[in-house]
Amino acid sequence: MNPGTTITVPVTAYDLSATLASGQVFDWEQHGSTWSGVVQGRWVELQVVGDAVVARTAAPQREWTWLTHFLQTGVDLSRIIASFPAGDRHLQEAVRTCRGLRLLRQDPWECLASFILSATKQIVQIRQIVRRLSERYGEPVAAGGDGARRFSFPSAEQIALLTEVELRSCKMGFRAPYLLGAARRVAAGNLDLAALGRLPLPEARAALLQLEGVGRKIADCVLLFAYDFPEAFPVDVWVRRVLRQYYFPNRHVDEAGLQRFIHRHFGPHAGYCQQYLFHHIRVVNGKVAGRTTTHAPNRKPR
DNA sequence: GACCAGGAAACGA
DNA sequence: TCGTTTCATGGT
């Protein structure tokens, strides 16, 4: 058996399960306390041991910045949480529930494509679509251990060569033409994803919004999960629901008012606040393993 | 079997 | 400008 190589990355307060199961990424597998997935074409298995993340790859590695960048292990989480609005008891409750939850830094294309596929889909279904797409049209990746075959997420160039029918065979439905259109624009060089990171937030967002099938929510997911835009704040149905419930009980707020509140209230790391709120709701509703084990039905919180 | 999902676009008033 | 409908699919 090829032992590959391992590295131990010192980091405090890193909850791999919360992070990898919080709806940022969709193709990670848990077996016991370890998680495995593909980062930049490399299979990797992760485990938290004490105050460190231990990583094992199938192939020897010359350097590991591809992984530390993805995991954002250099980020001082306590400093970020200290920037959260102190008097916000809802957010503080979420911080207690989800301690160690982190934001990852994903590949922009994989992130954009994944969230184009996420529209009105449950996270379990997004996982299935992403998995099918990778298995059929991605590149096989040497994986360690369990003998399971893994595949990289297909590049924009790979997807741009496919047909809408082929994409629909991955069960993505009406999202197929959106994904195909985005892939073709990126592959043709009409949208430079690497350059977006050098723009101010509003301009980067505007560039993403030009894509068919990409609205404010999906654009903000990409800006937050794939770039250094910590104030991006994706508002999905669940987050909108709790924002109204927590901060505007029995009071009408339109979308613009909600956005103004978000910008004013949550501060420089609003995106982190959002991820804590989002994951907290999912834990409370039994969507994902957390400190409490509930089996709440699939209905909205009161 | 109804309801809904990490939405967005097209449509109608 | 704002509410409503449509889109495809499957988990619960």
Side-chain angles (χ1 to χ4, degrees), chain A residues 18-28 94 98 101-104 106 110-133 136 163-182 185 205-226 229 232-245 252-259 262 270-290 294-302:
Chain A
T19 301
L20 294 170
S22 65
Q24 303 178 60
V25 288
F26 301 101
D27 203 10
W28 284 77
C98 313
L101 171 63
R102 304 277 184 145
L103 285 178
L104 300 164
Q106 301 177 45
E110 179 170 350
C111 187
L112 171 61
S114 298
F115 280 94
I116 286 175
L117 297 175
S118 77
T120 30
K121 276 291 179 193
Q122 300 183 123
I123 288 178
V124 283
Q125 296 176 320
I126 303 168
R127 283 204 202 98
Q128 294 168 1
I129 297 171
V130 168
R131 174 60 63 96
R132 269 190 291 263
L133 185 63
R136 294 187 187 184
T163 66
E164 186 178 322
V165 171
E166 288 174 308
L167 290 178
R168 281 181 185 261
S169 76
C170 299
K171 306 299 181 184
M172 65 182 70
F174 61 84
R175 303 156 194 84
Y178 297 153
L179 179 62
L180 188 55
R185 280 202 50 190
R205 180 185 285 134
L208 290 170
L209 288 175
Q210 290 192 334
L211 294 168
E212 286 283 303
V214 177
R216 174 66 183 251
K217 189 269 171 182
I218 291 175
D220 278 13
C221 282
V222 177
L223 295 169
L224 182 63
F225 300 146
F229 291 114
F233 193 105
V235 180
D236 76 313
V237 287
W238 289 92
V239 170
R240 178 174 294 109
R241 215 171 271 155
V242 296
L243 287 179
R244 294 208 160 117
Q245 176 191 339
H252 178 75
V253 195
D254 62 16
E255 207 55 35
L258 213 51
Q259 288 295 338
I262 289 165
Y272 248 101
C273 297
Q274 179 277 153
Q275 198 63 17
Y276 272 86
L277 289 173
F278 178 76
H279 192 62
H280 175 60
I281 316 163
R282 282 174 45 81
V283 170
V284 168
N285 283 268
K287 297 289 184 185
V288 67
T294 60
H295 295 282
N298 182 15
R299 70 164 108 84
K300 34 177 145 175
R302 283 184 298 105

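In what follows, every chain begins at residue 1, and chains take the letters A, B, ... in the order their sequences are listed.
- Here K217(A) lies in heavy-atom contact (under 4.0 Å) with a base.
- Sequence order on DNA chain B of the closest nucleotides to Y178(A) and R175(A) puts R175(A) first from the 5' end.
- Rounded to an integer number of Å, the gap from D220(A) CG to dG6(B) P is 18 Å.
- F115(A) has its ring centre less than 6.0 Å from the ring centre of F26(A).
- Separating the CG atom of L208(A) from the P atom of dG7(B) is a distance of 17 Å, rounded to the nearest angstrom.
- Atom CZ of F174(A) is separated from atom P of dC7(C) by 10 Å (rounded to the nearest Å).
- Atom pair L209(A):CG and dG7(B):C1' shows a separation of 12 Å (rounding to whole Å applied).
- At a threshold of 4.5 Å between non-hydrogen side-chain atoms, the residues L133(A) and L167(A) count as touching.
- Between R216(A) and the phosphate of dA9(B), there is no side-chain N or O to OP1/OP2 separation shorter than 4.0 Å.
- When rounded to the nearest whole Å, the span between CG of L277(A) and C1' of dG6(B) equals 13 Å.
- The P atoms of dA8(C) and dG1(B) are separated by 22 Å, rounded to the nearest whole Å.
- Among the protein residues, G23(A) comes within range of the nucleic acid bases, having at least one heavy atom under 4.0 Å from a base atom.
- Note on S114(A): nothing from the nucleic acid sits closer than 4.0 angstrom, heavy atoms only.
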Stepwise, does the side chain to side chain contact (heavy atoms under 4.5 Å, CB included) test hold for K217(A) with V235(A)? CA-CA 6 Å; K217(A) 189 269 171 182; V235(A) 180; 5.5 Å; no

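- Between the side-chain ring of F115(A) and the base of dG6(B), no stacking contact exists by the 5.5 Å and 30° definition.
- Taking atom CD1 of I123(A) as the reference point, atom C1' of dT12(C) lies 15 Å away to the nearest angstrom.
- Across all their heavy atoms, I116(A) and A182(A) have their closest contact at CD1-CB, 3.7 Å.
- Place E212(A) and Q275(A) on DNA chain B by their nearest nucleotides, and Q275(A) ends up nearer the 5' end.
- To the nearest angstrom, C1' of dC2(C) lies 12 Å from CD of E255(A).
- Closest contact between the side chain of Q122(A) and the listed nucleotides dG11(C), dT9(C), dA8(C) involves dG11(C).
- Of the candidates R102(A), Q275(A), R282(A), Q275(A) is the only one forming a side chain to side chain donor-acceptor pair (under 3.5 Å) with S22(A).
- Each of T120(A) and V124(A) lies near DNA chain C, and the nucleotide nearest T120(A) is the one positioned closer to the 5' end.
- At a threshold of 4.0 angstrom between heavy atoms, the contacts of V235(A) with the nucleic acid are absent.
- At a threshold of 4.0 angstrom between heavy atoms, the contacts of F26(A) with the nucleic acid are absent.
- Among the nucleotides dG6(B), dA8(B), dA8(C), the one closest to any side-chain atom of R168(A) is dA8(C).
- Per the geometry, CG belonging to L117(A) stands 13 Å off P belonging to dA8(B), to the nearest Å.
- Spacing of C1' atoms, dG3(C) relative to dG6(B), comes out at 23 Å, to the nearest Å.
- Side chain Q125(A) to base dG11(C): no donor-acceptor pair is found below 3.5 Å.
- With hydrogens and angles disregarded, no donor-acceptor distance shorter than 3.5 Å links the side chain of R175(A) to the backbone of S118(A).
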